[in-house]
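Below, all heavy atoms of this structure are taken into account, side chains as well, without hydrogens, waters or symmetry copies. Order of the sequence lines fixes the chain letters, A, B, ..., with proteins taken first and strands second; residue numbering starts at 1 for each chain.
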Number of protein chains: 2
Amino acid sequence: MPSTKDKIVQLADEHIRKNGYNAFSYSDIAKTLKIKNAAVHYHFPAKTDLAEAVIHWHIENFENFKERLREKDELLQVKTFLNFYNSIQLSGKICAVGAFATDWNSMPQSAQDQVRIFSELIIDWLTEVLEAGKEKKLLTFDAPPRTEALKIITNMFAATQLARITNSDDFADVKNAVIEELTI
Amino acid sequence: MPSTKDKIVQLADEHIRKNGYNAFSYSDIAKTLKIKNAAVHYHFPAKTDLAEAVIHWHIENFENFKERLREKDELLQVKTFLNFYNSIQLSGKICAVGAFATDWNSMPQSAQDQVRIFSELIIDWLTEVLEAGKEKKLLTFDAPPRTEALKIITNMFAATQLARITNSDDFADVKNAVIEELTI
DNA sequence: AAAGGTACTTATCAATAGGTAAGTAATCAA
DNA sequence: TTGATTACTTACCTATTGATAAGTACCTTT
């Protein structure tokens, strides 16, 4: 069973990615876990500590994700990456990077630094996967690998946000178009 | 000189797109305009009224934007659209749709409806421009027009957010890659 | 058995949030 | 010239926010 501390991080993550960083409070979490407000402060003295922990959790998750995919071929790696965003969209959340980007200017630098590390981690990983996939003739694209990675990431990233507003077909359309373009 | 009411809308827009919907308060606006809190409530009784006015303002702006570009060729229309996001990025803001998408679940339905109208307006416009541009052989792309429009919009949309986190070159790279891909 | 840490609760706080009711000064229409 | 309308201010209110200090119950370790 996860510890209270872990539960707080998970709940905070859900709140942040469902309602935004500034729309959740300590009591939201306390009520759900049926503990007192101060108990949350015991584990995370300030809200920014909690924000940092959430991003740290994402960084660890992504490292695991990378590790699990290491031996697979590049097309499958990209597809799995896209499916990951698909599941985010289905659960009504958005990407953590997007959630923090909106509230960027109301976040302390320590948390900003963590988000920056997380973002670069994703971009660098996808850049390398695309590069390797192109060399092995598994993937096709014309832009430089990092630019292509940015294009795909921004597609996924914003599609989860847009799908909230329009309808979920839009997400699937974009996702399928990305795969098609890479495999022509 | 703009009326107080207009100034409030403009300031609210700036706050929303710089810090997020939930990160700004009536007193932020009141202080800047050197009026009292209650004066803002006089023009916009509830915060959601202000949010609606902000989106309404964007809808009007976009209608003007469309009108100004109507006679131009499709490539120029797309380029102008992309440059518009470029200026958003340079001013440290993000797209209004993105700002509201993050805080979507903490917004009242009346405001959600307005955002939905605004989003569809942009998507429909770009879809038509792309379609016409392809017919005239000014633009090339393989996906259905709406999907291609979604791809470009999500690129711009999230690139302004990502550029906050990484660096501004990323935005230009994505923008240029989008144009190149459409004009091969 | 004593001491110390861990994981909380109780109680409290100042600041800010969004919001309202009542008053006022200036303009405008009849 | 009166009455209404507009654009505010003054003065409040309640709820919530993030946060802290002090206490407590329960394990460990020595």
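Taking CG of A:Asp13 as the start and NZ of A:Lys93 as the end, the distance is 6.5 Å to the nearest 0.5 Å.
Distance CG (B:Asn22) to P (D:dT17): 11 Å, rounded to an integer number of Å. The OH atom of A:Tyr26 sits 24 Å away from the P atom of D:dA15 (whole-angstrom rounding). For A:Tyr21 and D:dT17, the OH to P distance is 14 Å, given to the nearest whole Å. Atom-to-atom, CG of B:Asn37 to C1' of C:dG18 comes out at 8 Å; the value is rounded to the nearest Å. Spacing between atom CZ of A:Phe24 and atom C1' of D:dT16 amounts to 15 Å, rounded to whole angstrom units. Protein atom CD1 of B:Ile29 is 15 Å distant from nucleotide atom C1' of C:dG19, rounded to whole Å. Computed from coordinates, the B:Ile35 CD1 to C:dA25 P distance equals 19 Å when rounded to whole Å. Atom CG in B:Asn19 sits roughly 12 Å away from atom P in C:dA17 (whole-Å rounding).
For B:Ala39, taking side-chain heavy atoms from C-beta onward, the closest of the listed nucleotides C:dA17, D:dC8, D:dT20 is D:dC8. Candidate nucleotides C:dG18, D:dT6, D:dT9 were compared by shortest atom distance to the side chain of B:Lys47, and C:dG18 ranks first. Comparing D:dT20, C:dC8, C:dA21 against the side chain of A:Ala38 picks out D:dT20 as the nearest. Taking every side-chain heavy atom of B:His41 into account, C:dT20 is the closest of C:dT20, D:dA21, C:dA7. Distance from the side chain of B:Lys36 is smallest for D:dT10 among the nucleotides C:dT9, D:dT10, D:dC8. Distance from the side chain of A:Ser25 is smallest to D:dT17 among D:dT17, D:dC8, D:dT10.
Minimum heavy-atom separation, B:Ser106 to A:Asn19: OG-O, 3.9 Å.
Distances shown here put every side-chain N or O of B:Ser27 at or beyond 4.0 Å from the OP1 or OP2 atom of C:dT16. Applying the 4.0 Å criterion to OP1 and OP2 of D:dA7, one finds that B:Thr4 has every side-chain N and O outside that range.
Counting any heavy atom pair closer than 4.0 Å across all strands shown, B:Tyr42 reaches a base atom. Across all strands shown, B:Phe44 has no heavy atoms under 4.0 Å from either base or sugar-phosphate atoms.
Partner of B:Asn155 under the side-chain contact (heavy atoms from CB on, under 4.5 Å) criterion, out of A:Ile153, A:Thr154, A:Leu150: A:Thr154 alone.
Remark: the backbone N or O of B:Thr147 is not paired with any side-chain donor or acceptor of A:Asp173 at under 3.5 angstrom.
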Give the intermediate values and the outcome of side chain to side chain contact (heavy atoms under 4.5 Å, CB included) for residues B:Val78 and B:Leu126.
-> CA-CA 8 Å; B:Val78 174; B:Leu126 187 57; 4.2 Å; yes
